[in-house]
2 protein chains.
Amino acid sequence: MPKDVPELLKGTLDLLILKTLEAGPMHGYAIARSIEQATERALQIEEGSLYPALYRMTNRGLLEFEWGRSTGNRRIKSYRLTPNGRKRLKSEQANWCRFTQAVARVLGEQPA
Amino acid sequence: MPKDVPELLKGTLDLLILKTLEAGPMHGYAIARSIEQATERALQIEEGSLYPALYRMTNRGLLEFEWGRSTGNRRIKSYRLTPNGRKRLKSEQANWCRFTQAVARVLGEQPA
DNA sequence: GTCATATACTTAGACGTTCTATGTATGACC
DNA sequence: GGTCATACATAGAACGTCTAAGTATATGAC
């Protein structure tokens with residue numbers, strides 16, 4: 001979401017969240033931090049994008065959550081992948097690969 | 001735009017158009033065909049996305065066009081890059097690289 | 001003890017891009 | 001004359017993200 005990566009996040013945020021949760025349950029705020037850290041701040045996840053995305057994905061049966069407490073004793077919603085979420089992760093990751101390879105072909109790079 | 005590459009195109013269509021026009025002037029319909037062919041149909045550019053994008057980019061000074069005739073003697077708008085369009089192509093291509101590398105890090109692939 | 005800061009979640013409204021769907025017009029071919 | 005591919009146009013909806021505001025609580029500094 002930084003100014004230099006304008007619209008590119010669209011359609012990719014779900015994939016990033018799914019992939020981050022593959023490692024194990026995590027709460028929303030921690031998901032955003034994890035992605036930011038993994039990308040060395042190249043991707044920054046706004047809360048106004050993050051939480052709506054978590055709702056969407058929960059409503060679609062990709063995630064479930066339970067209320068809990070963080071190590072700092074705060075109320076958190078601990079999210080985890082559902083079986084459907086896992087399937088979706090696989091398919092979205094495959095789509096992402098196909099898409100980036102297609103773009104790479106237009107950009108004139110060597111195909112993978 | 002095929003169902004399996006749902007939102008991913010967002011923010012990337014401009015880059016694809018700019019890159020396609022780097023090779024030389026082309027009209028809208030041909031741009032779409034060129035991208036589809038280069039990606040072996042992996043990316044399909046809808047006319048309802050294409051023409052609004054061309055207007056946007058023209059209004060922003062990235063493209064200019066002149067009316068002409070195709071080899072089949074049809075009226076066409078022949079688009080070409082402006083100097084600003086060339087600059088934009090460079091920066092968008094750089095953004096795209098940074099973005100895909102960031103996503104790759106989250107997905108656990110080897111960085112480039 | 002109170003103030004600033006980081007954590008953690010929520011949500012309304014705006015924005016921009018893409019898609020669906022439809023329309024026009026023309027040339028080529030049978 | 002009918003069908004198909006070419007070529008451009010555009011209204012309206014759908015969707016995801018962002019801006020910006022809000023609530024609440026724990027921690028550490030002073």
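Each chain gets a letter, A, B and so on, in the order the sequences are listed, and its residues count up from 1.
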ask   = Given atom CD of A:Gln37 and atom C1' of C:dT7, what is their separation to the nearest angstrom?
value = 16 Å
request  = Take the protein atom CD1 of B:Ile35 and the nucleotide atom P of C:dT18, then report the distance between them rounded to whole Å.
outcome  = 11 Å
task = Classify the side-chain pair B:Arg56/B:Asn59 by whether it contains a donor and acceptor separated by less than 3.5 Å.
result = no
query = Do you know which of B:Leu81, B:Leu62, B:Leu13 makes side chain to side chain contact (heavy atoms under 4.5 Å, CB included) with B:Met57?
reply = B:Leu62
query = Are any of A:Ser49's side-chain N or O atoms less than 4.0 Å away from OP1 or OP2 of D:dG16?
reply = no
query = Taking CD1 from B:Ile76 and C1' from D:dA5, how many angstroms apart are they, rounded to a whole number?
reply = 15 Å
key: Inter-residue atom distance B:Leu54.CG - B:Tyr79.OH, 0.5 Å rounding   = 4.5 Å
Between the protein and nucleotides 27-30 of chain C, which nitrogen or oxygen pairs are less than 3.5 angstrom apart?
from	atom 1	to	atom 2	distance (Å)
C:dG27	O4'	B:Arg74	NH2	3.3
C:dG27	N3	B:Arg74	NH2	3.4

query = Over how many whole Å does the gap from B:Asn59 atom CG to C:dG16 atom P extend?
reply = 13 Å
task = Can you measure from CG (A:Leu16) to CD1 (A:Ile31) and round to the nearest 0.5 angstrom?
result = 11.0 Å
message = Nearest heavy atom decides the nucleotide; on that basis, is A:Ser70 or A:Pro52 closer to the 5' end of DNA chain C?
response = A:Ser70
query = Hey, is the side chain of B:Arg33 poking within less than 4.0 Å of OP1 or OP2 on D:dT6, counting only N and O atoms?
reply = yes
ask   = With under 30° as parallel and over 60° as perpendicular, where do the rings of B:Phe99 and B:Trp96 fit, or are they tilted in between?
value = tilted
ask   = In whole angstrom, what separates B:Glu47's CD from D:dT6's P?
value = 10 Å
request  = Please work out if A:Gly28 contacts a base, only the sugar-phosphate, or nothing of the nucleic acid, heavy-atom cut-off 4.0 Å.
outcome  = sugar-phosphate
ask   = So, is A:Arg56 near the phosphate of D:dT17, with a side-chain N or O under 4.0 Å from OP1 or OP2?
value = yes
request  = Look at the side chain of A:Lys77 and decide which nucleotide, out of C:dT18, D:dC18, C:dT10, has an atom nearest to it.
outcome  = C:dT10
key: Sugar-phosphate, base or nothing in reach of B:Leu13, heavy atoms under 4.0 Å   = sugar-phosphate
request  = Pick base, sugar-phosphate or nothing for A:Tyr55, based on heavy-atom distances below 4.0 Å to the nucleic acid.
outcome  = sugar-phosphate
ask   = Where the side chain of B:Tyr29 is defined as all heavy atoms beyond and including C-beta, which of D:dT17, D:dC8, C:dC9 is the nearest nucleotide?
value = D:dC8
request  = Report the distance from atom CD of B:Glu46 to atom P of D:dT10, rounded to the nearest whole Å.
outcome  = 18 Å
query = When you check the phosphate oxygens OP1 and OP2 of C:dT11, does a side-chain N or O of A:Tyr51 lie under 4.0 Å from one of them?
reply = no
Separation of D:dA7 P from B:Leu50 CG (nearest whole Å) = 12 Å
remark   = Rounded to the nearest 0.5 angstrom, the CG-CD distance for A:Leu89 and A:Gln93 is 5.5 Å
query = Atom NE2 of B:His27 and atom C1' of D:dA7: how far apart are they, to the nearest Å?
reply = 6 Å
inquiry  = Salt bridge or not between A:Lys77 and A:Glu66? Use side-chain N to carboxylate O under 4.0 Å.
reply    = no
remark   = d(A:Asn84 CG, A:Ser91 OG) to nearest 0.5 Å is 10.0 Å
